[in-house]
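Worksheet: one structure, shown below.
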Amino acid sequence: MRADADPNLIVYFGGQYVPLREARVGILTHALHYGTGVFEGLRAYWDEPRQELFALRPVEHFERWKQNCGILRICVPPSPQELCEITLELMRRNELRTDVYIRPLAYKSAERVGVSPDDQDAFAIIALPFGEYLHAEKGLHAGVSSFRRVEDNAIPPRAKICGAYVNSALASDEARQCGFDEAILLNESGHVAEGSTCNIFMVRKGKLITPPVCENVLEGITRDSVMELAQNELGLQVVERPIDRSELYVCDELFFTGTAVGIGPVVRVDHRAVRDGEIGALTREVRKLYFDAARGHLQSYNKWLVPVYQPLKTQGQDAIPLASVTVS
């Protein structure tokens, strides 16, 4: 899915809430030329019965974002709690009552030529109405890319560094030109890393297996959520270990995870069926659990959620306390 935004959408830019049409950067902005930015991705899910929008693990996302910004020495002054409150206010101002994708972006903002960065930093937050990223109701067809995943000693893939996503764009474009829905990238060791924008899990011999973070993968929050749900709710053993390419051809089930994709079942890899070519039973269970938790239907996981429209003073004891911030 491509999310084209309404130019009248209110965004947070330059320390203010402004219409998207007024949020502009100069043609010489350092990040535009050299990829010196770090973005983050969050989701908020609309629950129709309760008429409530729930932000999913927002403080943890902002903690990760600020930490990753440090890799490029980009300073984002507000605390994670303050960033969360800005984001909630953004959704309220736009009166969003649908599933939402939230994109924080921090970047080197100097307008000049020269690769060496300086201390001129800026950040923005955008919240967009956003449905499915990949249409996965019948399962996805994935292809192993000829492009390898970037290495930690080149551009750290654990951080969403803007320049690194050329790697994802090349792999994603190649996959679609070859008739696939999504790419699977290997690392330089030849092990499975992840999709172009998502982590990957396989089911084999009753175990849920995913590459460890030292295999040049994003330290995914959705990945972490799935591991917790699989262990606590389904009693699955979760194993972090390297995965060979050929294991994708003989595994029992396969699925992607990520903020945008949610849980994306994979039913074919490189024109080979995964098992019987149908979405697996465990994948369906994990997918249902994840979206039930994200929409507030699993009380045990309300700790992950922050409601957008419910007054903060009436939130339950598991709600995240948010700082009060004043912004124009």
Side-chain angles (χ1 to χ4, degrees), residues 1 132-151 157 164-218 220 222-223 225-227 229-230 234 236-288 290:
M1 175 180 176
E132 286 189 327
Y133 177 68
L134 296 173
H135 298 296
E137 61 277 357
K138 294 183 179 179
L140 301 169
H141 294 193
V144 175
S145 178
S146 64
F147 292 97
R148 294 295 177 100
R149 177 49 99 208
V150 290
E151 290 281 312
Y165 275 74
V166 172
N167 183 228
S168 296
L170 288 168
S172 178
D173 181 62
E174 178 190 51
R176 283 160 178 77
Q177 294 296 328
C178 292
F180 298 116
D181 299 308
E182 175 61 301
I184 296 173
L185 292 100
L186 308 180
N187 60 30
E188 290 296 340
S189 299
H191 296 145
V192 174
E194 56 189 359
S196 66
T197 60
C198 38
N199 294 121
I200 193 167
F201 285 83
M202 73 175 183
V203 178
R204 194 166 187 211
K205 298 180 180 179
K207 298 177 182 177
L208 189 60
I209 303 167
T210 193
V213 294
C214 58
E215 289 284 293
N216 294 319
V217 306
L218 177 73
T222 307
R223 173 183 181 273
S225 299
V226 163
M227 293 168 73
L229 286 166
L234 300 178
L236 287 176
Q237 181 181 354
V238 180
V239 179
E240 295 180 78
R241 67 159 175 82
I243 296 174
D244 290 329
R245 176 179 181 168
S246 61
E247 286 189 276
L248 302 176
Y249 306 152
V250 299
C251 67
D252 299 315
E253 300 182 34
L254 193 67
F255 59 89
F256 293 121
T257 67
T259 296
V261 71
I263 312 296
V266 179
V267 296
R268 295 183 67 85
V269 178
D270 290 346
H271 305 293
R272 296 169 173 85
V274 176
R275 195 72 173 187
D276 59 2
E278 300 292 333
I279 298 173
L282 281 176
T283 301
R284 288 189 185 277
E285 286 189 78
V286 169
R287 195 167 191 247
K288 183 179 187 306
Y290 177 76

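Sorted by first and then second residue, the ring-ring contact (aromatic ring centres under 6.0 Å, His included) pairs with a member in residues 173-213 read F180-H271, F201-F255; sequence neighbours excluded.
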**Request:** Dump the intermediate steps for side chain to side chain contact (heavy atoms under 4.5 Å, CB included) on V226 and I263, then the final yes or no.
**Result:** CA-CA 9 Å; V226 163; I263 312 296; 3.4 Å; yes
**Request:** Just do the side chain to side chain contact (heavy atoms under 4.5 Å, CB included) check on D181 and H135 with the steps written out, would you?
**Result:** CA-CA 9 Å; D181 299 308; H135 298 296; over 6 Å; no
**Request:** Kindly determine whether T222 and N199 satisfy side chain to side chain contact (heavy atoms under 4.5 Å, CB included), including the steps that lead there.
**Result:** CA-CA 8 Å; T222 307; N199 294 121; over 6 Å; no
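Here the side chains of V239 and Q237 are in contact, with some heavy-atom distance below 4.5 Å. Looking at F256 and L140, their side chains come closer than 4.5 Å, going by heavy atoms from C-beta outward. Between L248 and V144, some side-chain heavy-atom pair lies under the 4.5 Å cut-off. Contact check for E182 versus T197: side-chain heavy atoms found under the 4.5 Å cut-off. Looking at L229 and L234, their side chains never come closer than 4.5 Å, going by heavy atoms from C-beta outward. The closest side-chain heavy-atom distance from N187 to E151 is below 4.5 Å. Looking only at side-chain heavy atoms (C-beta outward), D173 and L170 stay at 4.5 Å or farther from each other. With a 4.5 Å cut-off on side-chain heavy atoms, L185 and R148 do not count as touching.
Proximity of a side-chain donor or acceptor of S168 to a complementary backbone N or O of S196 within less than 3.5 Å is detected.
To the nearest 0.5 Å, atom OG of residue S189 and atom CG of residue N216 are 8.0 Å apart. Note that the CD atom of E188 and the CG atom of L186 stand 9.5 Å from one another [nearest 0.5 Å].
In this model, no donor atom of one side chain and acceptor atom of the other lie less than 3.5 Å apart for T210 and E240. Residues R176 and S172 bring a donor and an acceptor atom of their side chains to less than 3.5 Å of each other. Between the side chains of N167 and R149, at least one donor N or O sits under 3.5 Å from an acceptor N or O. Under 3.5 Å, the side chains of E174 and S146 contain a donor-acceptor pair of N or O atoms.
V261 approaches T257 most closely through the heavy-atom pair CG1-C, 3.7 Å. Of all non-hydrogen atoms in V217 and P211, the two that sit nearest each other are CG1-CB, 4.3 Å. For the pair A183 and S145, the tightest heavy-atom approach, listed with the atom from each and the gap, is CB-CB, 4.3 Å.
The pair R223-E194 does not meet the salt-bridge criterion, since no charged nitrogen lies less than 4.0 angstrom from a carboxylate oxygen.
Under the salt bridge (charged side-chain N to carboxylate O under 4.0 Å, His left out) criterion, R241 pairs with E247, not counting sequence neighbours.
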Atom pairs and distances, donor-acceptor, side-chain atoms in residues 272-282, under 3.5 Å, two or more places apart:
| from | atom 1 | to | atom 2 | distance (Å) |
| --- | --- | --- | --- | --- |
| R272 | NH1 | D270 | O | 3.4 |
| R275 | NH1 | D252 | OD1 | 2.6 |
| D276 | OD1 | E278 | N | 3.1 |

